[in-house]
Protein chains: 2
Amino acid sequence: MPERTPEELVTFPKATISRFPLYFRALTEYNHQNIGLVSSEEMAQKVGVTPSQLRKDLSYFGSLGIRGAGYDVAYLLAKIKEILGMDRQRRLGIIGAGRMGMALAGYSGFKQHGLEVLALFDIDRAKWGPVNEQLTVFPLSELAAQREKLGLEIAVLTVPKAEAQKVAELAVEAGFRALWNFAPVRLEVPPEVIVQYEDIVVGVLTLSHHLARKFGT
Amino acid sequence: MPERTPEELVTFPKATISRFPLYFRALTEYNHQNIGLVSSEEMAQKVGVTPSQLRKDLSYFGSLGIRGAGYDVAYLLAKIKEILGMDRQRRLGIIGAGRMGMALAGYSGFKQHGLEVLALFDIDRAKWGPVNEQLTVFPLSELAAQREKLGLEIAVLTVPKAEAQKVAELAVEAGFRALWNFAPVRLEVPPEVIVQYEDIVVGVLTLSHHLARKFGT
DNA sequence: CTCCTCTTGTGAATAATTTCACAATCTCAA
DNA sequence: TTGAGATTGTGAAATTATTCACAAGAGGAG
Ligand SMILES: NC(=O)c1ccc[n+]([C@@H]2O[C@H](COP(=O)([O-])OP(=O)(O)OC[C@H]3O[C@@H](n4cnc5c(N)ncnc54)[C@H](O)[C@@H]3O)[C@@H](O)[C@H]2O)c1
Ligand SMILES: NC(=O)c1ccc[n+]([C@@H]2O[C@H](COP(=O)([O-])OP(=O)(O)OC[C@H]3O[C@@H](n4cnc5c(N)ncnc54)[C@H](O)[C@@H]3O)[C@@H](O)[C@H]2O)c1
């Protein structure tokens, strides 16, 4: 019987993971500038966190730096890729080839993060067909087949909010275990499915609130 | 000498404000369904928080419910609008009429939150001109004039990341005090300017991390 | 008017996250 | 090889956020 993996069970704040993309981008820049070693102070300054927060964040994943010297840029970059699951390509399928779906499909920033949009799906037949050399909009009925064929792992939901629950269920049926939902609704899905919500108005309403508070307008 | 306003100085968790849009949408739905009164239990269930969290969040802004009965939907809706600064229209100008800028410009979800996109700006003259009946892409040089004329309060930055710092400075010069930045870079701005960052890859990389952890892939 | 039921509002308790502060230990120069 | 200087890694302290639990009303029935 294969022994159960010991499952290194470190727990860490949820916010820690959300800071890793910042660290990743800073390190990528250092790498481009041929900087091989960087201190927590320098890097923290660049991304706008405290040095101790940066060190603590990294420490949850082991002893990744060199005492007395700093962090090896290339090594830390590799480690962060591993932690974020960027050490292998993640393939995305976008459901809903409307304004938001198409904007995401054309986003050039995904590539450097190991993310790749390989297909779009829509219910509207007018949208079916190739978008460019690499990308095609498929009928929704192709969801399961293309997921399998292209190795899609993450379903991006950019359909109208009234459709989101139904489409989420179709995605789960088609074998997706990770959903990235842009529609402003809470989804009911089986417990093994991970849902990440992207609520775009939160940011701008936070601004609006600050304007109301600070400037009284 | 006019006395300093007492400045009701309640402090509350930052996350509190980010939950208000959820409450707002739930209440809007109750309103549509002609439900006049709702309990914290019912509403919390709907948005996916605990009832005590919902009550605590609201309590920072006063005693907004009716003991023994629940919350008056219409009243609470009005209060939340006030808190989020949605009781008056907020006008947005989008700088960068590319894929993301155009997707946001066409987003129908802003209206119900009291947000209104009134202009786009771009450096590329090929983009200048009317988009539809209500919306025009202006040359970047029009920024200050149109901000004043249209009453724009929030500048949305959807320019390439290499341009973002420069564009932020132009926006501040043009009189904007609130920036909503979609470019993945930290901006240096004067302290009186509020910046809200929208880092789109954080969400999907969080998913990627969970996939890597949970399913080992 | 009184009593009973219901649900809020909120201090206090608990939990989570961040910051502090310093021992550990690496580098480099002589 | 040693010592000085630098910077990490991390328990402990401080701070911030959430949950608990119940007193304080509100409302309705009789
Ligand atoms: N546009 C934005 O900037 C923006 C911002 C934040 C969130 N969103 C959210 O993203 C979603 C899409 O917004 P949008 O502005 O792109 O809308 P859109 O109307 O431009 O696009 C929606 C697309 O979904 C397709 N569709 C409808 N029902 C479908 C179904 N059952 N299966 C598959 N495809 C279906 C439509 O044919 C259309 O192509 C909405 O939920 C919206 O709230 C949009
Ligand atoms: N497309 C997406 O889904 C997406 C998602 C997240 C973040 N973003 C970010 O949003 C920004 C724009 O992305 P995009 O995909 O829309 O790019 P894009 O290339 O489609 O659009 C950029 C637009 O900005 C204009 N521009 C360039 N320099 C300018 C300047 N100095 N002043 C004014 N306008 C200028 C260009 O003419 C173009 O119209 C980038 O920073 C990107 O990282 C995009």
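So you know, we letter chains A, B, ... as the sequences are listed, proteins then strands, and number each from 1.
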Starting the side chain at C-beta, find the nucleotide from C:dG9, D:dT7, D:dG9 nearest to A:Ser59.
D:dG9

Could you say whether A:Ala15 or A:Ala69 is positioned toward the 5' end of DNA chain C, judged by the nucleotide with the nearest heavy atom to each?
A:Ala15

Does the side chain of A:Ser52 get closer than 4.0 angstrom to OP1 or OP2 of C:dC20 through an N or O atom?
no

Have a look at A:Ser40 and say if it touches a base, only the backbone sugar-phosphate, or nothing, with a 4.0 Å heavy-atom cut-off.
sugar-phosphate

Taking OP1 and OP2 of D:dT19, is either one under 4.0 Å from a side-chain nitrogen or oxygen of B:Thr50?
yes

Nearest of C:dT17, C:dT19, D:dT7 to any side-chain atom of A:Lys14?
C:dT17

Separation of C:dC26 C1' from A:Leu37 CG (nearest whole Å):
11 Å

Is any side-chain N or O of B:Tyr60 closer than 4.0 Å to OP1 or OP2 of D:dT16?
no

If you measure from CZ on A:Arg213 to NE2 on A:His210, what distance do you get to the nearest 0.5 Å?
9.0 Å

Does A:Leu64 reach a base, just sugar-phosphate, or nothing at all? Heavy atoms under 4.0 Å.
sugar-phosphate

Rounded to whole angstroms, how far apart are CD on A:Gln53 and P on D:dA14?
19 Å

Interatomic distance, A:Lys79 NZ vs D:dG9 C1' [rounded to whole Å]
16 Å

Check: B:Val49 and B:Asp57 side chains under 4.5 Å, non-hydrogen atoms
no

Distance check: side-chain N/O of A:Tyr71 vs OP1/OP2 of C:dC26, anything under 4.0 Å?
no

Could you tell me how far apart A:Ile17 (CD1) and C:dT18 (P) are, to the nearest whole angstrom?
13 Å

Write down the distance between CG (B:Asp57) and P (C:dT10), rounded to a whole number of angstrom.
13 Å

Could you tell me whether A:Lys166 and A:Glu169 have a side-chain N and a carboxylate O separated by less than 4.0 Å?
no

Rounding to an integer number of Å, can you tell me how far A:Phe61 CZ sits from D:dT8 P?
18 Å

Under 4.0 Å, heavy atoms only, any strand: does A:Lys56 hit a base, just the sugar-phosphate, or nothing?
base

Above 12 or not: heavy atoms from other molecules or residues under 6.0 Å from CD of B:Glu192?
yes

Report the distance from atom CZ of B:Arg67 to atom C1' of D:dA24, rounded to the nearest whole Å.
4 Å

Do the ring planes of B:Phe12 and B:Tyr60 sit parallel (below 30°), tilted (30 to 60°) or perpendicular (above 60°)?
tilted

Rounded to whole angstrom units, what separation is found between the CG atom of B:Leu54 and the C1' atom of D:dT19?
13 Å

Is there a side-chain polar atom (N or O) of B:Arg55 under 4.0 Å from OP1 or OP2 of C:dG11?
no

